[in-house]
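Data block below; observations after.
Chain letters run A, B, ... following the sequence lines, proteins first and then strands; every chain starts at 1.
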Number of protein chains: 2
Amino acid sequence: MPSSTTDKSAGSRRDQILREAARLFASRGFHGVGVDEIGAAVGISGPGLYRHFAGKDAMLAELLVGISGRLLAEGKRRKAEAEDAHSALESLVRGHIDFALDDRPLITLHDRELDRLRESDRKLVRQLQRQYVELWVEVVREVYPGLAEPEARACVHAVFGLINSTPHSTSAPRSTPAPGRTAMAFLLHRLALGAFGAAADGQPSRHDHPFE
Amino acid sequence: MPSSTTDKSAGSRRDQILREAARLFASRGFHGVGVDEIGAAVGISGPGLYRHFAGKDAMLAELLVGISGRLLAEGKRRKAEAEDAHSALESLVRGHIDFALDDRPLITLHDRELDRLRESDRKLVRQLQRQYVELWVEVVREVYPGLAEPEARACVHAVFGLINSTPHSTSAPRSTPAPGRTAMAFLLHRLALGAFGAAADGQPSRHDHPFE
DNA sequence: GGCAATAGTTAACGACCACTAACGTGACCA
DNA sequence: TGGTCACGTTAGTGGTCGTTAACTATTGCC
């Protein structure tokens with residue numbers, strides 16, 4: 001039984017393993033998942049994974065570096081292609097929402113298992129994350145010049161939390177059905193922009209900043 | 001070296017252990033922390049913890065049940081004491097923000113390590129969480145009658161994500177200082193209410209509330 | 001003083017787990 | 001045909017970790 005076309009796997013074996021590992025890590029935590037389990041999820045058993053990865057840590061590292069890099073690259077692209085700041089912000093929001101809705105396990109790992117990385121990888125991921133945040137902050141401050149930089153950064157973090165919250169809401173069956181994907185995307189879009197707008201309202205435009 | 005008055009511990013030894021366990025669980029994950037480490041954090045070593053708790057699982061269970069119960073109780077109290085729906089929502093937001101800012105480790109555990117519980121405990125925690133969400137949903141729909149129930153629930157989840165995002169933003173030192181506690185609380189308050197307002201805007205139904 | 005309770009200690013045990021070693025097997029190819 | 005390489009397998013190993021056992025010290029009570 002050679003490769004044929006594996007059930008629902010589009011890419012290589014590596015990609016299949018990464019996808020299943022992401023799912024398992026997200027649902028039970030990095031330390032809560034054994035290599036045997038990851039192997040079983042792709043049809044091979046245990047140490048066979050070591051033909052594809054140096055170790056369990058390497059899988060997590062590749063996942064986190066990959067996701068951070070993709071977020072940043074996509075963000076840069078969207079900002080560059082937008083005509084003005086306002087549409088850039090909308091595009092950023094839309095892109096992040098798509099990401100959160102389509103790659104739930106990755107977005108969960110992204111802010112949950114960062115500390116399980118080797119020092120060097122963690123540094124790299126944090127740098128990519130920081131660049132991504134700064135990209136948002138620039139756009140947000142261009143749209144709302146009244147926002148001071150620390151406030152804008154806090155807002156961006158909060159909106160990330162808002163958008164990234166969707167994976168958590170899949171816990172239990174409801175009496176009333178949850179909104180579908182497109183409705184959810186639309187709703188999150190409104191929520192995120194509404195939050196930014198509310199942050200800018202009543203902000204002294206010249207800002208001599210009011211913390212503490 | 002007996003008890004004297006332990007450094008900064010207000011309550012009993014149990015409480016001290018719980019506090020340190022929460023901090024460690026939040027920063028390195030339930031599986032990532034060993035009992036020896038928890039013991040060391042309170043000055044005793046390893047198995048001494050078993051004089052106070054049945055096991056590591058029991059600590060997590062008590063933490064999660066405790067926090068869920070406190071959130072719900074406080075939420076009920078605030079709703080009951082509010083004069084109208086709008087001030088009830090404001091009070092709920094304020095309460096949840098205070099909680100997120102003052103008990104960061106707990107709020108992190110709350111939506112991260114739920115699956116590490118025994119079936120019965122997990123069921124209990126989920127029930128408390130659900131009641132808390134429903135309490136919010138009722139208030140939100142009273143303030144914004146145009147919101148359908150599923151949308152309102154999604155909004156509540158999203159706003160929780162927004163408010164709960166604050167613990168994650170403490171990762172690295174910044175060039176510009178982060179907002180202080182009171183400024184952060186104020187900002188989160190505006191963000192949360194702004195998000196709710198934006199969710200209700202453009203929603204078809206009969207809402208006619210004057211502001212916004 | 002005797003005695004029980006409380007709150008620790010160290011040593012050890014058993015399970016689990018990431019990883020390695022040694023081996024097998026089919027595909028491709030000169 | 002025979003060699004090599006990609007990709008598995010099972011068995012084993014060393015280390016970690018939760019938990020228990022056995023023992024000790026301090027404290028308050030009669």
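Going from atom CG of L24(B) over to atom P of dC17(D) covers 13 Å, rounded to whole Å. Distance CZ (R14(A)) to P (dG8(D)): 13 Å, rounded to an integer number of Å. Counting to the nearest Å, the P atom of dA18(C) and the CG atom of D36(A) are 7 Å from each other. The interatomic distance linking I17(A) (CD1) with dC7(D) (C1') rounds to 10 Å, in whole Å. Following rounding to the nearest Å, H31(A) (NE2) and dA15(C) (C1') show an atom-to-atom distance of 18 Å. Taking atom CZ of F25(A) as the reference point, atom C1' of dC17(C) lies 13 Å away to the nearest angstrom. Residue D57(B) contributes atom CG, which lies 10 Å from atom P of dG18(D) at whole-angstrom precision. Between the CE atom of M59(B) and the C1' atom of dG18(D) there is a distance of 10 Å, given to the nearest Å.
Panel note: side chain R14(A), backbone H52(A); a donor-acceptor pair is recorded below 3.5 Å. Under the 3.5 Å distance criterion, the side-chain polar atoms of K56(B) are matched with a main-chain donor or acceptor of V33(B). In terms of modelled atom types and a separation under 3.5 Å, the side chain of R141(A) and the main chain of L147(A) share a donor-acceptor contact.
Salt bridge R70(A)/E74(A): absent, no basic N to carboxylate O contact under 4.0 Å. Residues D102(A) and R181(A) are paired through a salt bridge, judged by an N-O separation under 4.0 Å between the basic side chain and the carboxylate. The existence of a salt bridge linking E134(B) and R130(B) is excluded, since no basic side-chain nitrogen approaches an acidic carboxylate oxygen closer than 4.0 Å.
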For nucleotides 8-11 of chain C, give me every protein contact, N/O to N/O, under 3.5 Å, one pair per line with atom names.
residue : atom : partner : partner atom : Å
dG8(C)  : OP1  : R13(B)  : NH1          : 2.4
dG8(C)  : OP2  : H52(B)  : NE2          : 2.8
dG8(C)  : N7   : R51(B)  : NE           : 3.1
dG8(C)  : O6   : R51(B)  : NH2          : 2.3
dT9(C)  : OP1  : S45(B)  : N            : 3.2
dT9(C)  : OP2  : S45(B)  : N            : 3.0
dT9(C)  : OP2  : S45(B)  : O            : 3.3

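Contact check of residues 116-123 of chain B against DNA chain C (heavy atom, cut-off under 4.0 Å) returns no residues at all.
Residue contacts shown for V33(B) are limited to sugar-phosphate atoms, with no base heavy atom under 4.0 Å away.
Of the options V159(A), I107(A), L188(A), L162(A), a side chain to side chain contact (heavy atoms under 4.5 Å, CB included) to H96(A) is made by I107(A) and by none of the others.
Using a 4.5 Å heavy-atom cutoff, the side chains of C155(A) and L191(B) are in contact.
Using a 3.5 Å distance cut-off with no hydrogens or angles, the side chains of T176(A) and R153(B) do pair a donor with an acceptor.
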